[in-house]
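One structure is given here, and the rest of the page talks about it.
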Amino acid sequence: MKSPFMRYNVIMKWKKVIAEKAPKPYSKLAAKFGIAAAVIMTIMALLQLVRFDRFLPELDAQLPGGYGFAMFVAIVVVFAEIFAIPFLLQMKLSKGARFCSGLLALVPAWIWLLVTIWSMGNGYVAVEFSTYFPFDTGWWTLAFNFVWLVFSFFVVWQLGLDKIFPKKSKSAKTKKLKKSAK
């Protein structure tokens with residue numbers, strides 16, 4: 001007896017995931033900006049991972065929601081910093097991986113800006129530099145995180161996040177519809 005799911009296997013056509021070269025950046029300096037952002041994210045991720053035992057209690061003191069929420073935020077930030085590197089270095093990736101990696105390049109800057117706003121004026125240590133550089137959160141950390149966020153958006157745009165899924169022209173769509181109608 002044939003399985004009832006057999007017909008779905010025959011009907012479905014899986015698209016092959018193919019790694020492609022990065023789209024052409026908007027400027028000649030975009031690759032250098034991407035390398036600079038990748039180096040900064042790598043350094044920040046390494047600083048946070050090496051002192052993860054001291055990094056978590058500091059983050060827990062700054063955020064509401066307890067130790068579990070602080071651990072979740074720390075894991076998301078380190079994950080985003082690491083997995084944003086392939087997009088920033090313009091490695092050969094599939095379209096989906098390139099898009100996700102490009103979006104992950106923005107996540108750490110957003111989170112650190114929000115954490116800084118939340119803990120500003122409370123005398124906490126700026127956690128994005130781990131406990132190696134014990135600076136109090138203040139206006140300078142807010143300005144640094146805002147500049148880091150603007151720089152991240154600029155680099156992601158310069159490296160062509162919007163070029164990953166190109167828009168099809170109307171003539172190509174109408175040709176495809178005419179072929180399928182025949």
Side-chain angles (χ1 to χ4, degrees), residues 17 19 22-23 25 29-162 164:
V17 178
L29 290 176
K32 292 180 183 175
F33 287 142
I35 291 170
V39 166
I40 291 169
M41 282 202 186
T42 303
I43 290 170
M44 288 177 75
L46 285 174
L47 287 175
Q48 293 157 5
L49 284 173
V50 169
R51 290 275 179 109
F52 206 72
D53 57 332
R54 294 184 185 176
F55 170 64
L56 273 176
E58 287 292 331
L59 190 61
D60 181 30
Q62 293 181 19
L63 293 176
Y67 191 75
F69 182 68
M71 184 176 285
F72 173 75
V73 169
I75 289 170
V76 166
V77 166
V78 172
F79 176 85
E81 287 170 345
I82 292 170
F83 285 100
I85 293 171
F87 175 82
L88 296 172
L89 294 179
Q90 295 182 311
M91 292 179 170
K92 196 173 180 182
L93 297 170
S94 67
K95 288 183 179 182
R98 185 172 310 285
F99 185 74
C100 290
S101 184
L103 290 181
L104 286 174
L106 303 172
V107 170
W110 271 113
I111 290 177
W112 289 132
L113 181 66
L114 294 174
V115 168
T116 302
I117 290 171
W118 184 269
S119 62
M120 208 168 123
N122 293 334
Y124 293 119
V125 174
V127 200
E128 57 261 34
F129 306 114
S130 189
T131 54
Y132 285 108
F133 308 108
F135 300 116
D136 290 338
T137 55
W139 290 106
W140 77 270
T141 52
L142 184 67
F144 169 78
N145 286 317
F146 183 74
V147 168
W148 175 241
L149 181 63
V150 170
F151 178 71
S152 297
F153 270 107
F154 177 73
V155 169
V156 167
W157 171 70
Q158 281 289 308
L159 291 176
L161 185 68
D162 58 337
I164 293 173

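Position 1 is the first residue of the sequence, and the numbers go up from there.
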Under 3.5 Å donor-acceptor pairs involving side-chain atoms of residues 70-77, not counting sequence neighbours:
none

Nearest-0.5 Å distance that lies between atom CD in Gln158 and atom NZ in Lys32: 13.5 Å

Rounded distance (nearest 0.5 Å) linking atom CG of Asp60 with atom CD of Glu58: 10.0 Å

Any side-chain heavy-atom pair of Leu103 and Val107 under 4.5 Å: no

Side chain to side chain contact (heavy atoms under 4.5 Å, CB included) evaluation trace for Val50 with Phe55: CA-CA 9 Å; Val50 169; Phe55 170 64; over 6 Å; no

Listing, residues 142-157 side-chain donor-acceptor contacts under 3.5 Å, not counting sequence neighbours, or none:
unit_1, atom_1, unit_2, atom_2, d
Asn145, ND2, Thr116, OG1, 2.6
Asn145, ND2, Glu128, OE2, 2.9
Asn145, ND2, Thr141, O, 3.0
Ser152, OG, Trp148, O, 2.8

Pairs flagged by side-chain hydrogen bond (donor to acceptor under 3.5 Å, both in side chains) wherever residues 61-79 is involved - sequence neighbours left out: Gln62-Ser119

Contacts table for residues 82-99: side-chain donor-acceptor under 3.5 angstrom, sequence neighbours left out:
unit_1, atom_1, unit_2, atom_2, d
Ser94, OG, Ala97, N, 3.3
Arg98, NH1, Met91, O, 3.2
Arg98, NH2, Glu20, O, 2.9
Arg98, NH2, Met91, O, 2.7

All side-chain contact (heavy atoms from CB on, under 4.5 Å) counterparts of Leu114, not counting sequence neighbours: none

Which residues share a side-chain contact (heavy atoms from CB on, under 4.5 Å) with Val39, sequence neighbours left out: Ile35, Ile43

Qualifying residues under side chain to side chain donor-acceptor pair (under 3.5 Å), relative to Ser101, sequence neighbours excluded: none

Residue list, ring pair (Phe, Tyr, Trp, His ring centres under 6.0 Å) with Trp118, at least two apart or on another chain: none

